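Keep in mind the model is a prediction, meaning the values are calculated, not measured.
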Amino acid sequence: FSELSFSVEPTDVTASLGERVVLDCQAQGESPVSLRWRRDGVQLQESGGVRVLSNGSLFISSSAPADQGFYQCLAHNRHGAVLSRTSQLTVSDVLSLVTHPVPAEVTLGSVVRFSCAVSGSTPAVISWKLNQRSVPLDSDRITVLPNGVLQICDVTMKDAGNYHCLATNMASRVRSREAKLTIIPASSPRPLMNPHIIAGPQNIGARLHQSVVLECFAEGNPRPLVSWSRADSKPIDASGARVLGNGNLIISAVKAQHSGTYLCRATTPGTHNYTIAAGNLTVLVPPTLVEKPESQTRPRAGTARFSCQAEGTPVPRITWFKNGQVISSDGRTKMYNNKLVITQIIPEDDAFYQCQAENSQGSVVSTSRLIVVLSEDRPSDPRNVHAETISSSAILLAWEKPQYNTNKVIAYSIHYMKSEGLNNEEYQAVIGNDTTSHIVDDLEPARNYTFYIVAYMPMGASRMSGQVTQHTLEDVPLRTPELSLTSRSPTDILVSWKPLPPKLSRGRVSAYRLSYRTATDEQIISAELPVPSPNCTQYLLQGLQPDTVYLIRMSVSTRMGWSQPSAWNSHRTPKTSMPPAPNLELEPLNCTSVTVRWHLAPSDAVIQGYKLSLHPDGQSEDSVLQLPPHDHQHTVTGLNPRVRYHVKLLAFSANGEGYQAHQTVNTPGCPSTPNRRLAALPPPDHIHATANSSSMVRLGWGRPAFSSGKAVSYSVRYGPVSPSDASTVRYVQTSEQTVTVTGLRPNTRYEFAVRLHMDQMSSPWSTSVYQRTLLEAPWSPPLSVRVSLIEDDTALVSWKQPDQPDLSVTHYTVLYASRSSGLAGDWQVLQREGTITMALLEKLVSGNIYLVKISASNPAGDGPFSSTVELRLRSKRNTGTRHSSVITKMSYIPFLLTHTSMSGIIAGVCIALSFIILCIFILLTKSKGGTNLMINQTGPVMSDAQNKRKKWSVFNNNQKSNGNKGEVSNRSVFIAGVLILCIEVKFSL
């Protein structure tokens, strides 16, 4: 809207404790525009740590748990006020363990399971320790699920010990209690055991695009095979699903179609022995608007209607706002079926109206404008309105013309609604100015209705007349209830029905009449059933003959008389060995679909399946649908509206077909909008859209087929469908039948519609088409990369999503290596899903400096790596050795090496080895009687005779020659930081 709209709206933010937070909000429109903020629906007061910046954004200097909540930005100028979408601020709090592992005692070769669960506002990474060391995951026997469950199959004695879990997130790190695993040795071969599911899938509610774990951990001897299926027989999406460990199902990035009941089946190999566990997956979907309110211009005293329809899981709740304030129903303003109706419009109704759809997964807002047109010299209101009942469905309304400005009246508008109940829908009928009476028909019998009248002139309307209430008469029922026939024994039939709705009963039902006979007997037996209460909806016919076909029909009466009897319904009483007739429940879903539900009374028959048939009244059965025995519901589609259908269902077993349940149902009429004036111009057709890039969509359409050769122009309306931008609607004008829309956001679903203009006339908007812009590769690196040491050999790296609007990240790549390995290009690689922003770096070597960098990726490409972050690990101090300082120095040698120095070292080592071999050869040839050299933990031990001829030293470069002439001293060179064994050999030339 040019008067007032948002160019930037706040988004959901997750912050660490004490972190600075900025919630962006920018509005555009006629100046001056003021911005205010609300938290949880209450206006936010600025303080030292919370203030509104000059551009309208909200700044929180140090986030705390008290700052958590739902924030909205309110923009205001002289035209009114609008609310932004809702932004949720989550502050990472300290984790707390809600489930600790418990001790276990199992037999050698069996299975064991430990669980660990935490609660916190941000997700945590859970790892496991065995006897203070990381549990090895290099075997397919051991599986750690993302939800913190540890599974071990075929346990061995090495698995015994004390287990505990560690949960880590950006804010804290907690450790569970230890649980001891005791392994009992098997005294004999394990006996055969049928499969048993220790932990099956649970009922899970998962956010859209979240990864879900459906656990299935089974034991048995031999080890059972685990398979998965859906209860509705739909295939499991193989592209997004994989099996982790020995049967756990992982679904990555769940979508709405993944919702359903999943069955885990554990089967003994080579047999038909199996057991099944079931769990329901509900994918929670943020709301999206499928119908948005449109802006309107209405005269004073007129009526404005806004409609808003939303989809999502759970079902979104609709709230209406006027200039940022919640609307409540009153005499002129009513809300029903997600519609807002304002009658007798006054100048104060000129405002912005917003529809907000909200559920647990988010919210979406759409904005519309009501402009009130004022005019002078309005006619006065119609006078002396009175009503007279004509029949059960019609009332005659009469009135006198307005006292003033009668000559300006061009039409009268009659408004009426049901008097009882809240938020009843108001109906309207428009008639010419040449009459002052009108018959309002199509009313419900035995109902009170309230009427008022408004006189219209070309640019305005009068005030509403006085209201009058009138009651319609009762009538005989229009139709009989639909009957359901079942047998509890071979000699009875239970007749059940549902109460008639008021529109069909046309008054209070006073009695039912049941008539029945056998198919071969013409004698009719009737039973009249008074109605003591509205819940009288069944009757048991007793003393009947087994295995006999009975015909049954019903009539209904009010004070005005009896209805026409229903058609005969047939039912066969059962034999004792045959399946009984199912109990039927029929429910029209819409004008073309009916849901059939049923259940069987207990019997000895083994059901092998069901046979269902459905055909219109007056036609024969054309086909029979066979259903499996575990089905108890089926939806029939493709039916015709306003048609009476016969539904028949029976169960069959090995002994043959059981007894049939027969019931009828009427499909309702398809919804329509009565009295809507057709547009003079047809809308454009054959709308099609193609995405050219991540920011551009090409739109084309066809010109409607009408004979006028006048010039036409088109308006294109477009806007994103995503919840964060539902109120951002833009328009493009063109005289061509194609247009390229630019400046769009990447990976965003847009809605497009086209309208035709000619001679100051406009067509309705065309049917909307939807197109998603292409995905854009990340062009910025992840933010706030942090690495912290949590154990001597383990570090936690965390980061935030790249600062790129509408970016979809499918996975992150974490590269880490010691400094020397990084310089050589030898990096360790970890990958994490796009919803996870932390990872554990394990098995790090003390004394090293590690380099870490991260990049984001999606199907469009890989983004740049972040700046390298260093992590310095201190050396382990070993006080039990004499040469700890030397060894410590040696641990840093790899950081000083380059490719050039490595070549020099290799050459030096070769020369040194040659020199040592030469020395040993000289010792062996020159020494008399060889040598008796012994070395203990403190150095060499020599005999007295040897001490006269040989002397050993370790790191002793201060030894001097004894000065004997004719003796040669041969020493190796001491190199700082390297352990060198120096041998001094004295011998006579």
Side-chain angles (χ1 to χ4, degrees), residues 7-14 22 24 123 207-211 237-242 250-256 286 288 362 689-699 718-726 728 730 740-752 770-787 797-817 822 825 827-839 851-869:
S7 56
V8 176
E9 295 186 78
T11 58
D12 294 342
V13 175
T14 299
V22 176
D24 293 322
R207 291 176 176 269
L208 193 67
H209 305 311
Q210 181 183 344
S211 293
D237 185 6
S239 61
R242 59 187 175 90
I250 308 293
I251 303 178
S252 301
V254 294
K255 303 175 183 177
T288 57
T690 305
N692 292 351
S693 68
S694 61
S695 62
M696 186 183 303
V697 169
R698 183 176 178 83
L699 194 68
Y718 66 96
V721 184
S722 61
S724 61
D725 298 307
T728 307
R730 298 289 182 266
T740 300
V741 182
T742 60
L744 307 180
R745 295 184 176 182
N747 194 32
T748 302
R749 190 165 180 250
Y750 279 85
E751 176 187 8
F752 299 88
Y770 299 88
Q771 180 64 46
R772 181 178 294 275
T773 52
L774 300 181
L775 199 65
E776 183 179 39
W779 44 260
S780 62
L783 303 177
S784 303
V785 179
R786 300 177 182 175
V787 185
V797 55
S798 63
W799 61 91
K800 292 184 178 179
Q801 183 170 321
D803 185 13
Q804 185 173 339
D806 305 294
L807 176 64
S808 173
V809 178
T810 56
H811 69 272
Y812 292 97
T813 301
V814 181
L815 299 185
Y816 71 99
W827 294 85
Q828 299 290 328
V829 181
L830 292 177
Q831 285 196 341
R832 292 293 182 265
E833 294 181 3
T835 57
I836 299 175
T837 56
M838 63 180 67
L851 310 179
V852 181
K853 57 183 179 179
I854 306 170
S855 73
S857 302
N858 61 21
D862 301 325
F865 279 95
S866 64
S867 300
T868 302
V869 178

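Residue P864 comes nearest to P778 through the heavy atom pair CD-O, 3.8 Å, listed as atom of the first residue, atom of the second, then distance. Closest approach of P782 and I854 over heavy atoms only: CD-O, 3.4 Å. Nearest heavy atoms, D862 versus S857: OD1-OG, 2.7 Å. When all heavy atoms of Y816 and V852 are compared, the pair lying nearest together is CB-CG2, 3.9 Å. Across all non-hydrogen atoms, the minimal contact from A839 to W799 is N-CZ3, 3.9 Å. Smallest separation of non-hydrogen atoms from V697 and A689: CG1-CB, 4.0 Å.
R772 places a side-chain N or O within 3.5 Å of a backbone atom of N747 that can act as its donor or acceptor partner. Distance alone, capped at 3.5 Å, is enough to place a donor-acceptor pair between the N858 side chain and the E776 backbone. Checked by atom type and distance alone, the side chain of Q801 pairs as donor or acceptor with a backbone atom of L807 at under 3.5 Å.
Ring pair Y718/F752 is parallel by interplanar angle, where below 30° counts as parallel and above 60° as perpendicular.
Within 6.0 Å of NE2 in H209 there are 12 or fewer heavy atoms belonging to other residues, nucleotides or ligands. Within 6.0 Å of atom CG in D803, 12 or fewer heavy atoms from other residues, nucleotides or ligands are found, so the atom counts as exposed in its surroundings.
Applying the side-chain contact (heavy atoms from CB on, under 4.5 Å) criterion to Q210, with sequence neighbours excluded, gives A206, R207.
The CZ atom of R832 sits 11.5 Å away from the OG1 atom of T837 when rounded to the nearest 0.5 Å. The CG atom of L815 lies 10.5 Å from the CG atom of L851; values are rounded to the nearest 0.5 Å. A distance of 11.0 Å separates OG1 in T773 from CG in N692, rounded to the nearest 0.5 Å. How far OG1 of T740 is from CZ of R698: 4.5 Å, rounded to the nearest 0.5 Å. Going from atom CD of Q831 over to atom OH of Y812 covers 13.0 Å, rounded to the nearest 0.5 Å.
Looking at heavy atoms from C-beta onward, E833 lies in side-chain contact with S252 at the 4.5 angstrom threshold. By the 4.5 Å heavy-atom criterion applied to side chains, F865 and S855 are counted as neighbours.
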